[in-house]
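These notes concern the structure reproduced below.
Throughout, protein chains are lettered first and strands after them, A, B, ... in sequence-line order, and every chain is numbered starting at 1.
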4 protein chains.
Amino acid sequence: MGRTGPHRDLNLQARILTSTRDLIFAEGPRAVSINQIASHAGVGKQTIYRWWPSKASVVIDALEQQFASESPFPTSGSAKEDIRTQMRAVAATFSSPTGSMIRELVAEAQGDPVLAEEFRTRFVAERRRGGAAALRAGIAGGQLRADLDIEIVIDLLYAPLWLRMLLGHQPLDEATVDAIVEQAWPALKA
Amino acid sequence: MGRTGPHRDLNLQARILTSTRDLIFAEGPRAVSINQIASHAGVGKQTIYRWWPSKASVVIDALEQQFASESPFPTSGSAKEDIRTQMRAVAATFSSPTGSMIRELVAEAQGDPVLAEEFRTRFVAERRRGGAAALRAGIAGGQLRADLDIEIVIDLLYAPLWLRMLLGHQPLDEATVDAIVEQAWPALKA
Amino acid sequence: MGRTGPHRDLNLQARILTSTRDLIFAEGPRAVSINQIASHAGVGKQTIYRWWPSKASVVIDALEQQFASESPFPTSGSAKEDIRTQMRAVAATFSSPTGSMIRELVAEAQGDPVLAEEFRTRFVAERRRGGAAALRAGIAGGQLRADLDIEIVIDLLYAPLWLRMLLGHQPLDEATVDAIVEQAWPALKA
Amino acid sequence: MGRTGPHRDLNLQARILTSTRDLIFAEGPRAVSINQIASHAGVGKQTIYRWWPSKASVVIDALEQQFASESPFPTSGSAKEDIRTQMRAVAATFSSPTGSMIRELVAEAQGDPVLAEEFRTRFVAERRRGGAAALRAGIAGGQLRADLDIEIVIDLLYAPLWLRMLLGHQPLDEATVDAIVEQAWPALKA
DNA sequence: CGTTAAGCGAGACGGTACGTCCTGTCTTAAC
DNA sequence: GTTAAGACAGGACGTACCGTCTCGCTTAACG
């Protein structure tokens with residue numbers, strides 16, 4: 001019992017997300033419209049709205065696709081080293097074109113609570129989990145203080161990276177990461 | 001060699017900035033258009049565009065006006081206490097309607113390098129100066145480590161507040177501030 | 001090779017033209033803005049600009065719509081009588097609210113060569129054709145001179161009506177038409 | 001009781017009128033703003049509004065200045081020849097840049113009854129007087145029919161020239177003038 | 001010969017309309 | 001029946017011009 005007409009082309013979603021990413025890479029955050037994405041992907045606007053409620057929702061999926069291939073960090077045994085490695089990876093991402101997508105989402109989320117929640121749940125929480133795991137491993141291994149407030153410490157370490165991406169008030173490179181780790185270390189070490 | 005003709009009407013400027021602030025407080029940052037500001041201030045649209053290049057530029061000035069009356073923090077003698085007081089004030093501002101204006105500016109700055117630079121120079125740098133002063137005083141008084149990297153430490157302490165305002169992933173209250181200070185203190189104290 | 005997607009909504013076009021005519025009749029030609037037309041027709045401004053390059057272009061179409069229902073003049077057998085009848089009809093139109101639309105178009109066309117050409121082709125030429133036909137019939141019937149320069153004679157007869165509409169220097173009524181016909185008749189009759 | 005202060009600088013008016021004429025010559029009718037005239041004349045806007053109520057009023061004065069040096073037509077003794085000469089002069093003016101000024105005024109007058117009246121009184125009536133004089137001379141000399149309706153005949157002869165300037169539907173040259181005169185002559189001659 | 005008030009340039013002002021752009025929904029024709 | 005193309009209502013944007021107003025410079029008549 002076959003059906004007639006073309007079927008949902010699953011390639012379409014991928015094409016849309018790729019176009020979104022390419023356009024944001026090329027034009028920077030906030031400079032991309034739904035119309036542009038649609039025509040760049042060779043897709044009708046309705047096809048986008050069928051699956052996503054807003055441009056930002058598309059961006060968040062494109063971002064997730066970007067991270068899909070992310071491999072977990074190897075653990076070296078040294079908590080300080082593992083933290084530094086993770087932070088360097090975050091800094092590198094924030095400095096790369098992928099940072100533009102994140103900046104776009106943060107910007108859009110300021111006026112869209114639904115998106116904000118989605119962004120927190122699907123992206124922010126996800127990234128924090130990795131950091132928390134490293135911290136907990138360090139505590140378990142006796143290298144970090146047992147009484148650390150994990151959420152607070154994650155903010156101490158990572159918020160500077162976020163802020164430098166968003167405001168650009170200070171550089172965001174490996175030296176910066178190292179300085180943060182060194183500066184914060186006395187507060188972390190057992 | 002003065003110039004002839006009428007000059008910038010400072011009264012008017014104030015009216016525009018006040019209207020901008022009032023509207024943003026009432027409607028939220030994304031819901032305010034230049035037309036609304038103009039008609040609320042009883043002003044022609046061109047008068048706004050004569051003096052500011054964009055809505056965001058008006059907002060940044062309105063924000064500055066908001067902080068113009070800011071009084072300097074009293075110093076208690078205790079570096080830890082002074083830092084905590086300042087951070088609590090920042091957290092309070094970030095949680096107030098004024099925070100909406102800041103969030104709007106951060107969002108808009110993601111796509112507007114000129115605005116971003118203006119925001120860094122006129123707002124961010126200004127606020128960081130206060131924190132740096134408190135830290136230097138603490139170092140001079142022997143209560144804080146002499147080898148602190150001031151810029152890094154400011155980020156450690158304040159970036160979490162910024163990020164909680166922008167992402168809303170964690171609360172932003174006095175308890176949070178206290179937890180941050182306590183957690184970071186071992187890294188700061190002499 | 002057809003095209004896909006929705007097509008020009010002719011219903012909508014009619015609504016826009018009717019609104020244009022109604023507003024010009026009510027307010028006079030110069031007092032009508034595109035925004036007014038759009039909101040009176042319950043239409044987005046872009047919908048107007050999608051199909052017409054300027055307000056004047058809309059007016060010219062509204063004018064054409066006005067004349068679409070025009071019935072051809074009955075021929076009485078008397079060339080002089082037929083000419084007079086036609087001229088009276090023109091004078092009546094020029095004196096009616098429809099005259100406002102024509103005056104607006106003539107005015108606008110002074111600064112817009114494209115509109116001028118459109119007006120000549122679609123309105124002026126069309127009206128002149130009727131006059132020319134009457135004249136040729138008169139010549140064929142032996143009532144008018146065989147060597148008439150049709151274009152010149154049409155100007156002789158109708159230009160006074162146009163000019164009185166545009167300048168208002170002299171009345172534009174049936175008596176005027178009759179006087180013109182009587183005065184010019186010796187130059188026309190066989 | 002005299003007054004103090006500088007007096008009205010009559011040079012200014014001339015400069016304004018010349019600038020107006022130059023700009024209309026250069027840009028065509030309908031393309032000139034008061035701001036442009038003011039800055040081209042090196043004059044404040046208020047100086048223009050001090051003496052003229054509208055842009056069109058300035059144009060009408062500039063036009064009059066243009067005609068100030070006009071010399072009366074010599075009379076040849078032949079009514080037909082005199083009429084033809086006058087009409088050729090009118091056609092030449094209408095075809096020259098001066099025609100742009102007239103077109104601007106006709107256009108503006110369609111929406112401004114006060115200007116329309118001023119234009120009729122100060123320009124149209126003035127020009128018609130010359131034609132009427134030639135016709136009356138021809139009647140007096142027995143070359144033209146005694147029962148001519150002067151106003152109607154002036155329209156018959158000159159309205160085609162006006163209309164060709166305003167609509168551009170037919171050429172406006174000496175051959176045209178000759179054709180009009182020849183075609184109309186049987187209606188005029190005694 | 002200094003005072004004073006008008007003429008003047010420059011241009012800021014409130015306001016209106018413009019024509020462009022984008023969003024999110026709806027419609028049509030092709031495959 | 002899904003799709004690409006794109007029309008649609010709505011509304012913000014930034015520009016241009018209008019006619020009024022204000023500022024400070026210059027200048028001529030009065031005292």
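Two residues, Ile34(D) and Ala41(C), neighbour DNA chain F, and the one matched to the more 5' nucleotide by heavy-atom proximity is Ala41(C). Each of Arg8(C) and Val32(B) has a nearest nucleotide on DNA chain F; the 5'-most of these lies closest to Arg8(C).
Between the CG atom of Leu12(D) and the P atom of dT27(F) there is a distance of 13 Å, given to the nearest Å. Per the geometry, NE2 belonging to His40(A) stands 16 Å off C1' belonging to dA4(F), to the nearest Å. Atom CZ of Arg30(D) and atom P of dC17(F) are 13 Å apart (whole Å). In this structure, the CD1 atom of Ile48(C) is 13 Å from the C1' atom of dG10(F), given to the nearest Å. To the nearest angstrom, C1' of dA4(F) lies 11 Å from CD1 of Ile16(A). The distance from atom CD of Gln36(A) to atom P of dC22(E) is 6 Å, rounded to the nearest whole Å. What separates CG of Asp112(C) from P of dG19(E) is a distance of 10 Å, to the nearest Å. As rounded to whole Å, 11 Å separates atom P of dG19(F) from atom CD1 of Ile37(D).
Residue side chain Thr4(C) reaches the base of dA4(F) through a donor-acceptor N/O pair under 3.5 Å, judged by distance alone. At a cut-off of 3.5 angstrom, the base of dC21(F) holds at least one donor-acceptor pair with the side chain of Gln46(D).
Contact annotation for Asn35(A): base contact, defined as any heavy-atom pair under 4.0 Å involving a base atom. Nucleic acid contact for Arg15(D): sugar-phosphate only, since backbone atoms but no base atoms lie under 4.0 Å from a heavy atom of the residue.
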* Going through the checks in order, is the side-chain contact (heavy atoms from CB on, under 4.5 Å) test met by Glu64(A) and Phe123(A)? -> CA-CA 7 Å; Glu64(A) 201 152 74; Phe123(A) 184 77; 6.0 Å; no
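Considering only side-chain atoms of Tyr49(B), the nucleotide from dA9(F), dG14(F), dC8(E) that sits closest is dG14(F). Of the candidate nucleotides dC13(F), dG19(F), dT20(E), dC13(F) has the atom lying nearest to any side-chain atom of Lys45(B). The side chain of Lys55(B) approaches dC13(F) more closely than any other nucleotide in the set dC13(F), dA4(F), dC8(E). Listed nucleotides: dC13(E), dA7(F), dT20(E). Nearest to the side chain of Trp51(C): dA7(F). Nearest to the side chain of His7(B), among dG24(F), dG14(F), dT27(E), sits dG24(F).
Residues Thr121(C) and Glu118(C) have side chains not in contact (no heavy-atom distance under 4.5 Å, counting atoms from C-beta outward). Side chains of Phe119(D) and Glu108(D) form no contact here, defined as non-hydrogen atoms less than 4.5 Å apart. Counting heavy atoms from C-beta on, the side chains of Val43(C) and Arg15(C) come closer than 4.5 Å. Looking at Glu104(C) and Lys55(C), their side chains come closer than 4.5 Å, going by heavy atoms from C-beta outward.
Taking 4.0 angstrom as the limit, Thr47(B) places none of its side-chain polar atoms (N or O) nearer than this to OP1 or OP2 of dA12(E). OP1 or OP2 of dC8(F) lies within a sub-4.0 Å distance of a side-chain N or O belonging to Arg50(C). Side-chain N/O atoms of Ser33(A) include none lying less than 4.0 angstrom from OP1 or OP2 on dC21(E).
Salt-bridge check for Asp61(C) with Arg122(C): passed, with a basic side-chain N closer than 4.0 Å to an acidic carboxylate O.
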